[in-house]
S.K.: 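Input: one structure, supplied below.
Numbering of ligands and ligand atoms starts at 1, following listing order. Only a predicted model underlies this, so the values are computations on that prediction, with no experimental measurement involved.
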Amino acid sequence: MRIYKVGGAVRDRLLGKPVTDIDWVVVGATTEEMLAKGFRPVGADFPVFLHPKSGEEYALARTERKSGRGYGGFTFHASPEVTLEEDLIRRDLTINAMAEDDQQNLTDPYHGQRDLEARLLRHVSPAFAEDPLRVLRVARFAARYATLGFTVAPETLALMHQLSESGELEALTPERSWKEISRALMEDQPQVFVEVLRACGALKVLMPEVDALFGVPQPPAHHPEIDTGAHTLSVLQQAALHKQPLTVRWACLLHDLGKGLTPEDEWPRHIAHEFKGLKLIKAVNERFKVPKDCQELALLVAEYHTHGHRALELKPSTLLELLQSFDIYRRPQRFEEFIAACEMDARGRKGLEERSYPQADYLRGAATAARSVAVQPLLEKGFKGPELGEEIKRERLKALKAYKEATSV
Ligand code: ATP
Ligand code: MG
């Protein structure tokens, strides 16, 4: 049997990038031989094994054939006769279809190295169009390597287009899609992920609510970039620049969905877009079975981001309502993430990226003031039940009034 490093490990070594997980392919072996060497099998219909010591994945060289819709619609054929070249041709991109032996001799039948140099994400063979997940994968790699100058080859984009129109994207499971989406959002240039999906027509299939934002104008005085789609991409870019977590990035992507619902005769104003967007966000959240923390933050940011921007003008009572809505007493982290998302929204405007955002510290200060109200003295005064709740609220309001006075000069 012969063993090769494949995929990301080879690609990233050639790019001079750190290699984290290594995938191996084994040519000329049978399942029985692998088991005899102590490899542990994983997956029912996949000839993939875990190394007894390193735990890394070793896959028997295989060919595959389309047999149904979606990601799972494949039949595999693994046998000792399958060659390395046959295994590599079923892979998505040429830069992912290189193999390397233990002497670092490269097997590169589909010219991955040439495409690495040309900074091109190019499919290996027409079989690319058999798996719709690849549309998301390519967009994700584009987001990751955009900084190095990579773009999607036009002929690959054409295939992605074809896949998007075929109805195959709808066959992806929420779990597979979310895995790609969430990883893509955490890349260096997540906005490129959205741009590539849009360029191939996949965005309007996967997230029509986001696609609808392109071509929708906003008031130029607040939004020099005007277009709501362009703004959304900039907000996402700012979130990545500021190393925000996934929750914040997801909220950034969805915060303005309501603007896609504004009747054209109301443009460029978007009255109550904060609230109108909520049902769209719920739909997107459910479509991809998004984790609870991401779901929640996206809804809260959409509903309250304009409150965030107007923080310094808010009446103490409105400020208190905002803090209560976020349950800042039990969920301090979530409120921090809200503040971050508001700041990214403000910075995601053309020419205003570097403008300071005093609202952030003001909101933090307000939260501290509200939290400083101690419950114990009120208990000692004999307050109980709903009365206690009312009294705490009154005290917090007092604290916020004092805070507002102390900070406004
Ligand atoms: P990463 O750095 O994200 O791990 P990777 O290229 O190693 O990137 P993996 O998902 O670990 O990506 O997959 C390993 C290899 O398997 C890929 O490089 C590619 O050759 C192949 N591959 C994975 N998923 C697909 C797919 N859906 N279609 C075709 N080839 C795939
Ligand atoms: Mg990998």
Side-chain angles (χ1 to χ4, degrees), residues 4-27 42-43 46-51 54-76 78 82 84-100 106-113 115-116 121-148 150 156 159-160 163 168-169 171-173 175-190 193 202:
Y4 303 87
K5 254 183 216 175
V6 280
V10 180
R11 177 197 68 221
D12 288 338
R13 185 183 69 75
L14 293 171
L15 281 173
K17 288 240 162 195
V19 172
T20 44
D21 84 315
I22 304 181
D23 300 297
W24 304 86
V25 67
V26 183
V27 179
V42 284
F46 257 49
V48 179
F49 304 84
L50 297 181
H51 191 278
S54 72
E56 286 170 346
E57 274 191 16
Y58 286 68
L60 292 188
R62 65 179 190 254
T63 58
E64 50 187 41
R65 202 159 35 82
K66 182 88 170 156
S67 60
R69 280 167 69 87
Y71 179 76
F74 283 96
T75 45
F76 298 96
V82 175
L84 183 58
E85 285 75 9
E86 284 172 328
D87 179 276
L88 294 175
I89 202 170
R90 71 175 172 82
R91 293 169 184 270
D92 48 5
L93 297 172
T94 59
I95 63 166
N96 290 344
M98 298 180 275
E100 192 176 83
L106 204 64
T107 303
D108 181 17
Y110 311 109
H111 310 295
Q113 224 179 355
D115 287 338
L116 272 185
L121 304 171
R122 190 203 306 275
H123 64 283
V124 175
S125 88
F128 178 91
E130 292 178 356
D131 176 7
L133 190 74
R134 291 170 189 159
V135 173
L136 291 165
R137 281 179 58 90
V138 174
R140 170 164 69 79
F141 283 118
R144 185 190 296 179
Y145 296 121
T147 314
L148 296 177
F150 277 83
T156 303
L159 277 181
M160 291 161 71
L163 261 166
E168 281 270 319
L169 284 173
L172 289 171
T173 64
E175 291 80 9
R176 296 293 314 182
S177 300
W178 176 252
K179 194 170 166 218
E180 292 300 326
I181 293 166
S182 56
R183 290 184 72 186
L185 289 176
M186 291 313 291
E187 297 292 356
D188 271 359
Q189 306 233 35
F193 175 71

S.K.: For G7, take its heavy atoms, then give the atoms of ligand 1 lying under 4.0 Å from any of them.
M.R.: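 Those atoms are 18 (O).
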
S.K.: Strictly distance-based, threshold 3.5 Å: is any side-chain N or O of R91 a donor or acceptor partner for the main-chain N or O of N96?
M.R.: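 Here the side-chain-to-backbone pair does not exist.
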
S.K.: What do the steps show when you test T107 against E85 for side-chain contact (heavy atoms from CB on, under 4.5 Å), and what is the final call?
M.R.: CA-CA 8 Å; T107 303; E85 285 75 9; 3.7 Å; yes

S.K.: State the atoms of ligand 1, each with its element, that fall below the 4.0 Å cut-off from a heavy-atom position in G8.
M.R.: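 It comes down to these atoms of ligand 1: 5 (P), 6 (O), 7 (O), 18 (O).
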
S.K.: Is there a heavy atom in F141 that sits closer than 4.0 Å to ligand 1?
M.R.: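 True for this residue.
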
S.K.: Give the single entry among R134, E187, R137 that approaches atom 13 (O) of ligand 1 most closely by any heavy atom.
M.R.: R137

S.K.: Below 4.0 Å, non-hydrogen atoms only: which portion of E130 touches ligand 1? Side chain, backbone, both or neither.
M.R.: neither

S.K.: Between D21 and ligand 1, find which residue part has any heavy-atom pair under 4.0 Å and reply side chain, backbone, both or neither.
M.R.: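 Side chain only.
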
S.K.: Please walk me through it: do D92 and F141 pass side-chain contact (heavy atoms from CB on, under 4.5 Å)?
M.R.: CA-CA 11 Å; D92 48 5; F141 283 118; 4.2 Å; yes

S.K.: In Å, rounded to the nearest 0.5 Å, how long is the span from CG of L136 to CE of M160?
M.R.: 8.0 Å

S.K.: Any side-chain donor-acceptor pair under 3.5 Å between H111 and T94?
M.R.: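 Their side chains do not contain a donor-acceptor pair, so the 3.5 Å distance test is not met.
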
S.K.: Report, in ascending order of atom number, the atoms of ligand 1 lying under 4.0 Å from any heavy atom of R144.
M.R.: 1 (P), 2 (O), 3 (O)

S.K.: Relative to ligand 1, is D23 under 4.0 angstrom through side chain, backbone, both or neither, heavy atoms considered?
M.R.: side chain

S.K.: Without swapping roles, check the side chain of D87 against the backbone of R62 for a donor-acceptor pair under 3.5 Å.
M.R.: yes

S.K.: Check the angle between the aromatic planes of Y58 and W24 and answer parallel, tilted or perpendicular using the 30° and 60° thresholds.
M.R.: parallel

S.K.: With backbone taken as N, CA, C and O and side chain as the heavy atoms from C-beta onward, which portion of N96 lies under 4.0 Å from ligand 1: side chain, backbone, both, or neither?
M.R.: both

S.K.: What part of R90 sits under 4.0 Å from ligand 1 if we count only heavy atoms: the side chain, the backbone, both or neither?
M.R.: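 The answer is the backbone of R90.
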
S.K.: Which atom name would you report as the N, O or S atom of D23 nearest the Mg ion (ligand 2)?
M.R.: OD2

S.K.: Could you give me the CA-CA distance, side-chain angles and deciding distance for Y4 and L88, then say whether side-chain contact (heavy atoms from CB on, under 4.5 Å) is met?
M.R.: CA-CA 11 Å; Y4 303 87; L88 294 175; over 6 Å; no

S.K.: Below 4.0 Å, non-hydrogen atoms only: which portion of R140 touches ligand 1? Side chain, backbone, both or neither.
M.R.: side chain

S.K.: Just jot down the ligand 1 atoms closer than 4.0 angstrom to any heavy atom of R11, in number order.
M.R.: 1 (P), 2 (O), 5 (P), 6 (O), 8 (O)

S.K.: If the cut-off is 4.0 Å to any non-hydrogen atom of D131, which atoms of ligand 1 fall inside it?
M.R.: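 By the 4.0 Å cutoff, the relevant atoms are 26 (C), 27 (N), 28 (N).
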
S.K.: Among K17, R140, R11, exactly one meets side-chain hydrogen bond (donor to acceptor under 3.5 Å, both in side chains) together with Y145. Which residue is that?
M.R.: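 For Y145, the side-chain hydrogen bond (donor to acceptor under 3.5 Å, both in side chains) test succeeds with only one of K17, R140, R11, which is R11.
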
S.K.: Apply side-chain contact (heavy atoms from CB on, under 4.5 Å) to residues Y110 and D115 and explain how you reach the verdict.
M.R.: CA-CA 9 Å; Y110 311 109; D115 287 338; over 6 Å; no

S.K.: Between the candidates R183, R91, H123, which shows the shortest non-hydrogen contact distance to atom 16 (O) of ligand 1?
M.R.: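 When every heavy atom of R183, R91, H123 is considered, R91 comes closest to atom 16 (O) of ligand 1.
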
